[in-house]
Every structure is written in C-alpha cells, then in structure tokens.
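Keep in mind that what you see is a predicted model, and the values were worked out from it rather than measured. Basis for what follows: all heavy atoms, side chains included, without hydrogens, waters or symmetry-related copies.
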Amino acid sequence: MNVQKNVPLAPLTTLGVGGKAHFFAEAHTDKEIKEAIDFARKHFLQLFILGGGSNILVADDGFDGLMLAVRIPSITSKKEGDHVLITVGAGIAWDELVIWAIERGLSGLECLSGVPGTVGGAVVANIGAYGEQCSDTFVSADVFDLKNADNISQVLEKEDCNFSYHDSL
C-alpha cells in the first residue's frame, strides 16, 4: 500500500472543492485495506473511507487523517437456480455495475442507473430511485469492522445491515 501525503481531494469529489488529505491511500485488495487500517491506528489518525466522492463535501482546510479510497475492482457472477448472484468490488462505479448487468440481460438494477458513486457507497447509503433501492437486490457484504482490533473481515447478510431510507449499518 502506498501512503501519500498532502493529496488534493477536490479532484476526487463530484463538487470539485476542498483541501488536501494529510495522508491518502488507495486500496485495491482486502490486504491493502487492512494495511491502511493498521497505518491509521499506528499513527493515531482518523480514518475516512472515500468512495466515488459524490456524497461528501471536503473543507478547505482538508482532512487531517488518512483518507482511504477503496478501489476493489472486480465483478463476477454465478447462476444459482433461477437467479444470478453478482459479487462486486466496493470500488466499482455504481453505474458501471448497472450497465454490466443490463448487457447480460439481468434485471433489478436498471431503475438505479445514473446514480453517482461506487458500489460500496451504494450499499452504505442504500441508494434509491424510482421506487427501487439497493437493498431490494442486496444479499450480503464482506465488511471490515473498524472497532475490531484484529482487522478481520466478516460477512453481513441483508438482515444484519438494518437497511432504511438512504441508510444502512
């Protein structure tokens, strides 16, 4: 994992404003996420997880901690009976997933086309549009509990996520 110092955050947000992150890293794997969490803990830094930058406003003073951009890039699928289970990395742009599903004749996400952000952010915010929500097709997520000192990932099933209007655990 490459930790950079004083990285401008404005180019990483849809509003295009804001200062610099004192520390910044991109994680492309679970291992890099664990390394970033360890780095933040070792240096007593506040940790902020950055998705697509569509739902945040960064202060002109910047962020005096570690800004972690999760960029896990994969999309895979497997057929299970009459359904197709899609596994998606948190760093995939949400609309990229929607297009991927439509191109394969899969339904259930098309009403959410055009919503900005990443898949990880879509789950956290339980995005919704036209009467549909992310939680309508969600099954489970591999997550890191930042309160867990061991940085062990765990699987949260849909019922564990406490989905509500534009929110989840």
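- Counting only heavy atoms from C-beta outward, the side chains of Ile72 and Ile33 approach each other to under 4.5 Å.
- Listed by first then second residue, pairs satisfying side-chain hydrogen bond (donor to acceptor under 3.5 Å, both in side chains) with a partner in residues 105-134 read Asp95-Ser113, Asn126-Gln133, Asn126-Ser135, not counting sequence neighbours.
- Under the salt bridge (charged side-chain N to carboxylate O under 4.0 Å, His left out) criterion, Lys31 pairs with Glu35, not counting sequence neighbours.
- Note that CE of Met67 and CD1 of Ile56 are 5.0 Å apart. Values are rounded to the nearest 0.5 Å.
- In this structure, CD1 in Ile37 is found 5.0 Å from CG in Leu146, a value given to the nearest 0.5 Å.
- Between Val88 and Trp100 there is no side-chain heavy-atom pair separated by less than 4.5 Å.
- With hydrogens and angles disregarded, a donor-acceptor distance shorter than 3.5 Å links the side chain of Ser168 to the backbone of Val124.
- In the hydrophobic cluster analysis, where Ile, Leu, Val, Met, Phe, Trp and Tyr join through side-chain heavy atoms closer than 4.5 angstrom, Val84 is grouped together with Val98.
- Pairing each heavy atom of Leu66 with each of Ala36, the nearest pair is CD2-O, 3.4 Å.
- Here CG of Asp167 is found 13.5 Å from CD1 of Ile127. Values are rounded to the nearest 0.5 Å.
- Without hydrogens or angle criteria, Trp94 side chain to Leu112 main chain gives a donor-acceptor distance under 3.5 Å.
- Ring geometry for Phe163 against Phe138 counts as perpendicular: the plane angle is over 60°, on a 0 to 90° scale with 30° as the lower cut.
- The heavy-atom pair separating Leu9 from Lys20 by the smallest distance is CD1-C, 3.9 Å.
- Within 6.0 Å of the NE2 atom in His43, the count of heavy atoms belonging to other residues, nucleotides or ligands exceeds 12.
- Met1 and Val7 fall into different hydrophobic clusters, where Ile, Leu, Val, Met, Phe, Trp and Tyr are joined by side-chain heavy atoms under 4.5 Å apart, directly or via other members.
- Following chains of ILVMFWY side-chain contacts shorter than 4.5 Å, one cannot reach Ile92 starting from Leu12, and the two form parts of different hydrophobic clusters.
- Screening residues 67-77 for side-chain hydrogen bond (donor to acceptor under 3.5 Å, both in side chains) gives no qualifying pairs among residues at least two apart or on separate chains.
- For Leu169 against Asp160, the heavy-atom pair with the smallest separation is CD2-O, 3.4 Å.
- Note that the CD atom of Gln154 and the OG atom of Ser140 stand 12.0 Å from one another [nearest 0.5 Å].
- Using a 4.5 Å heavy-atom cutoff, the side chains of Leu47 and Phe39 are not in contact.
- Scanning both residues, Glu32 and His28, for their nearest heavy atoms gives OE1-N, 2.5 Å.
- For the atom pair CD1 of Ile102 and CG of Leu97, the computed distance is 9.5 Å after rounding to the nearest 0.5 Å.
- Closest approach of Gly89 to Val119, counting heavy atoms only: O-CB, 3.8 Å.
- Linking ILVMFWY residues whenever their side-chain heavy atoms come closer than 4.5 Å, directly or via other members, places Val58 and Phe48 in the same cluster.
- Atom OG1 of Thr137 is separated from atom CG of Leu109 by 4.5 Å, given to the nearest 0.5 angstrom.
- Across every non-hydrogen atom of Ala10 and Gly18, the tightest pair is CB-O, 3.8 Å.
- With hydrophobic clusters built from ILVMFWY side chains whose heavy atoms lie under 4.5 angstrom apart, Val3 shares a cluster with Leu45.
- Here the side chains of Lys5 and Phe23 are in contact, with some heavy-atom distance below 4.5 Å.
- Judged by distance alone, with hydrogens and angles left aside, the side-chain atoms of Lys79 form a donor-acceptor pair with the main-chain N or O of Gly81 at under 3.5 Å.
- Residue Asp136 qualifies as enclosed at atom CG: its count of foreign heavy atoms under 6.0 Å is above 12.
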